[in-house]
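Notes follow once the structure below has been shown.
In this chain, residues are counted from 1 in sequence order.
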Amino acid sequence: MSRVDRGCRVRILATIGAAALVLAGCGSGGGRSLADGDLPDQVKVVSVTDQTGTTAYVGSSQLKGIDLAIDEINSQDYLGDTEFVLEKRDSASDTQTAVSQATEALTDRNVSALLGPVLSAHAVAIAPLVERAKLPTVFTQSGSEGVVIGDYTYRATAPMETYFVKALERLRDQGARTVSVLYNAGNVTLAGLGEHTIPEGQDEYGYEVLSNTAVQASTQDFSTTATRIAGENPDAVIVLLVGAGNSTAMSQLRQAGYTGPVVGNPAAGAGNLAPAGAAGAGMYWATDFSFHQTAPSSEAFVEAYRAKYNGENPLNYAAEGYDATWMLAHAVKNSGGASREDIQRGLEQVVSEGFDGALGPVTFEGNDMRVEGVLVEWTGSEEVLVEESDVAE
């Protein structure tokens with residue numbers, strides 16, 4: 001989730017060349033009226049995301065949500081006889097590949113919109129290009145600055161800090177007075193929580209930060225830090241790591257003798273704590289989506305997802321991809337057309353009104369999504385929803 005350096009930006013601008021000067025009027029549909037039944041037969045949307053590479057598990061989940069949404073849009077005749085058509089591009093966790101694929105999409109006059117990648121490095125590189133070409137683009141994940149930068153860039157993932165406070169509220173309600181923090185400094189979003197959100201919340205949530213330890217993204221052994229944290233005897237520990245690192249850190253904290261509660265982040269979910277088993281019990285985190293949540297629109301999404309994918313439970317990445325795709329469909333219907341200008345105008349109405357989606361009731365701050373979020377906890381064998389009554393106790 002790091003920003004693109006200056007040198008990379010120069011290469012990117014060289015790659016795009018005159019392509020970024022594409023006129024805003026291109027795209028399928030030409031602004032024809034929905035009321036007159038004169039939309040094009042197809043609305044072409046391109047997805048650029050990781051199907052292979054280090055974050056393929058995120059991009060593949062995102063695509064499952066996108067595919068489900070397109071199935072529903074077309075089967076429900078949401079746009080009458082007009083169908084959404086998706087073309088998938090695999091960026092393979094490589095920024096230059098993602099830029100090249102986005103450039104191809106924005107220079108194709110038949111492409112009406114782009115569903116953007118999940119990595120911030122990719123999104124930050126692509127955002128100025130699609131803005132200049134006036135290609136409506138909805139990103140998911142990509143939590144850093146420089147992604148939502150104008151009228152044509154949107155994000156269908158709420159910034160983590162906007163719902164992470166639910167976990168800090170639970171810490172306060174549990175009576176935690178001291179906390180020790182371990183965070184991944186190589187992840188822009190997690191570093192922001194570790195360096196700003198948590199220290200700045202001390203007065204409001206009633207805790208004191210005893211230590212704040214940054215580790216690099218490549219770190220796989222946390223035993224030294226775990227031993228030191230256990231020796232500090234904090235009331236709670238906050239662990240902000242990615243993927244399997246969460247399981248390792250939890251196991252090492254328990255081995256070091258720490259037995260109290262641990263606050264995590266959504267990257268601890270999706271089965272990443274399973275290897276820790278009982279040692280992971282007691283970690284909880286705020287997330288923008290859980291398949292356990294009870295909002296009616298979320299329950300409908302989970303039911304449809306399970307039906308399409310043989311009983312599989314959706315991850316938050318799938319829910320975000322689903323809502324991002326429906327944003328585009330709502331935009332076409334709102335504006336009555338499928339040109340790039342039509343979709344941008346329709347998206348303005350979407351962000352103004354909000355909607356109920358897989359993530360529950362969705363609102364926006366500017367072009368950036370906001371959701372209430374939920375708390376989930378690892379019991380040692382499964383993730384469960386933390387009820388609001390439990391938070392208040």
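The two residues Ala156 and Val138 have their closest heavy-atom pair at CB-CG1, 3.9 Å. Taking each heavy atom of Gly321 and Ile66 in turn, the nearest pair found is O-CG1, 3.5 Å. Residues Ala318 and Pro314 approach most closely at CB-CB, 4.3 Å, considering heavy atoms. Scanning both residues, Pro136 and Leu347, for their nearest heavy atoms gives CB-CD1, 4.1 Å. Asn184 approaches Val242 most closely through the heavy-atom pair ND2-CG2, 3.8 Å. The shortest heavy-atom contact between Ser298 and Ala358 is OG-O, 2.8 Å.
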Checklist line | side chain to side chain contact (heavy atoms under 4.5 Å, CB included) evaluation trace for Val118 with Gln62 | finding: CA-CA 8 Å; Val118 294; Gln62 176 205 36; 3.9 Å; yes
Checklist line | Trace of the side chain to side chain contact (heavy atoms under 4.5 Å, CB included) decision for Phe364 with Val362 | finding: CA-CA 7 Å; Phe364 290 84; Val362 168; 3.6 Å; yes
Next item on the list: Start with the C-alpha distance between Thr153 and Val147, add both sets of side-chain angles, then the distance that settles side chain to side chain contact (heavy atoms under 4.5 Å, CB included), and finish with yes or no.
Entry: CA-CA 7 Å; Thr153 47; Val147 175; 6.0 Å; no
Next item on the list: Test Asp342 against Arg345 for salt bridge (Lys or Arg N to Asp or Glu O under 4.0 Å), laying out the working first.
Entry: CA-CA 5 Å; Asp342 291 329; Arg345 188 172 66 252; 2.9 Å; yes
Next item on the list: For side chain to side chain contact (heavy atoms under 4.5 Å, CB included), just list the numbers for Ile70 and Tyr322, CA-CA rounded to whole Å, side-chain angles, deciding distance to a tenth of an Å, and then say yes or no.
Entry: CA-CA 8 Å; Ile70 288 179; Tyr322 178 90; over 6 Å; no
Notebook entry, point to check: Would Ser91 and Gln101 count as a side-chain hydrogen bond (donor to acceptor under 3.5 Å, both in side chains) if you check the C-alpha gap in whole Å, the side-chain angles of each, and the deciding distance to 0.1 Å?
Noted result: CA-CA 7 Å; Ser91 53; Gln101 292 169 345; 4.8 Å; no
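Under the 4.5 Å side-chain criterion, counting only non-hydrogen atoms from C-beta, Tyr258 is not in contact with Asn233. At least one side-chain heavy atom of Phe84 sits less than 4.5 Å from a side-chain heavy atom of Asn74. Using a 4.5 Å heavy-atom threshold, the side chains of Leu241 and Thr219 count as separate. Counting heavy atoms from C-beta on, the side chains of Phe222 and Leu182 come closer than 4.5 Å. Side-chain contact between Ser112 and Ile343 is present, with heavy atoms from C-beta onward closer than 4.5 Å. The shortest distance between side-chain heavy atoms of Leu114 and Leu106 does not fall below 4.5 Å. At least one side-chain heavy atom of Asn334 sits under 4.5 Å from a side-chain heavy atom of Val350. The shortest distance between side-chain heavy atoms of Thr157 and Met369 does not fall below 4.5 Å.
Linking Ile, Leu, Val, Met, Phe, Trp and Tyr residues whenever their side-chain heavy atoms come within less than 4.5 Å places Leu86 and Val332 in a single cluster. In terms of hydrophobic clustering, with Ile, Leu, Val, Met, Phe, Trp and Tyr side chains grouped at heavy-atom distances under 4.5 Å, Phe355 and Phe289 are assigned to a common cluster. Cluster membership check: Val237 does not share its hydrophobic cluster with Leu210, using side-chain heavy-atom separations under 4.5 Å among Ile, Leu, Val, Met, Phe, Trp and Tyr. Hydrophobic clustering, with ILVMFWY side chains joined whenever heavy atoms are under 4.5 angstrom apart, groups Tyr309 together with Val302.
In this structure, the side chain of Trp378 engages the main chain of Gly277 through a donor-acceptor pair within 3.5 Å. Judged by distance alone, with hydrogens and angles left aside, the side-chain atoms of Asp90 form a donor-acceptor pair with the main-chain N or O of Thr52 at under 3.5 Å. Here the side chain of Thr162 pairs no donor or acceptor atom with the backbone of Ala158 at under 3.5 angstrom. In this structure, Thr178 contributes its side chain and Asp235 its backbone to a donor-acceptor pair below 3.5 Å. Counting only distance, with no hydrogens or angles, the side chain of Ser47 and the backbone of Lys88 share no donor-acceptor pair below 3.5 Å. Thr55 contributes no side-chain N or O that, together with a main-chain N or O of Val58, makes up a donor-acceptor pair within less than 3.5 Å. Using modelled atom types, one side-chain atom of Arg254 and one backbone atom of Ala281 make a donor-acceptor pair closer than 3.5 Å. Side chain of Gln202 to main chain of Pro199: a donor-acceptor pair is present (N/O by atom type, distance under 3.5 Å, no hydrogens or angles). Glu131 places a side-chain N or O within donor-acceptor distance of the main-chain N or O of Tyr152, the cut-off being under 3.5 Å. The main-chain N or O of Phe291 is never found under 3.5 Å from a side-chain atom of Glu383 such that the two would form a donor-acceptor pair.
One side chain, Thr213 or Arg228, offers a donor N or O that lies under 3.5 Å from an acceptor on the other. In this structure, a donor-acceptor pair under 3.5 Å is absent between the side chains of Asn316 and Thr287. Side chains of Glu72 and Tyr78: no donor on one and acceptor on the other come within 3.5 Å. Judged purely by distance below 3.5 Å, without hydrogens or angles, the side chains of Glu161 and Thr197 never pair a donor atom with an acceptor atom. Side chains of Gln141 and Glu320: a donor-acceptor N/O pair is present below 3.5 angstrom, by distance only. Using modelled atom types, one finds a donor on one side chain and an acceptor on the other under 3.5 Å when comparing Glu312 with Tyr305.
Lys134 has no carboxylate O lying under 4.0 Å from a charged side-chain N of Asp151, or vice versa, which leaves the two without a salt bridge. No salt bridge links Arg89 with Asp50; every basic N to acidic carboxylate O contact stays at or beyond 4.0 Å. A salt bridge is defined here as a Lys NZ or Arg NE, NH1 or NH2 lying under 4.0 Å from an Asp or Glu carboxylate O, and Glu83 with Lys44 fails to meet this definition. Salt bridge status for Asp368 with Arg155: present, with a side-chain N to carboxylate O gap under 4.0 Å.
To the nearest 0.5 Å, atoms CG (Leu168) and CG (Asp173) are separated by 11.0 Å. Taking CZ of Phe164 as the reference point, atom OG1 of Thr189 lies at 12.0 Å (rounded to 0.5 Å). Here the CD-CG distance, from Gln293 to Leu359, works out to 7.0 Å after rounding to the nearest 0.5 Å. Remark: Leu375 CG to Ser290 OG distance equals 10.5 Å, nearest 0.5 Å.
With Gln252 as reference, Asp221 is the one residue of Thr227, Thr225, Asp221, Thr224 to meet the side-chain hydrogen bond (donor to acceptor under 3.5 Å, both in side chains) rule.
Classification of the Tyr317-Tyr57 ring pair by plane angle, with boundaries at 30° and 60°, yields perpendicular.
Tyr207 does not carry Arg172 over the face of its six-membered ring by the limits of under 6.0 Å from the centre and within 45° of the normal.
Checked against the 6.0 Å centroid criterion, the rings of Tyr154 and Phe139 do not qualify as a close aromatic pair.
In Gln76, the CD atom is crowded: over 12 heavy atoms of neighbouring residues, nucleotides or ligands sit closer than 6.0 Å.
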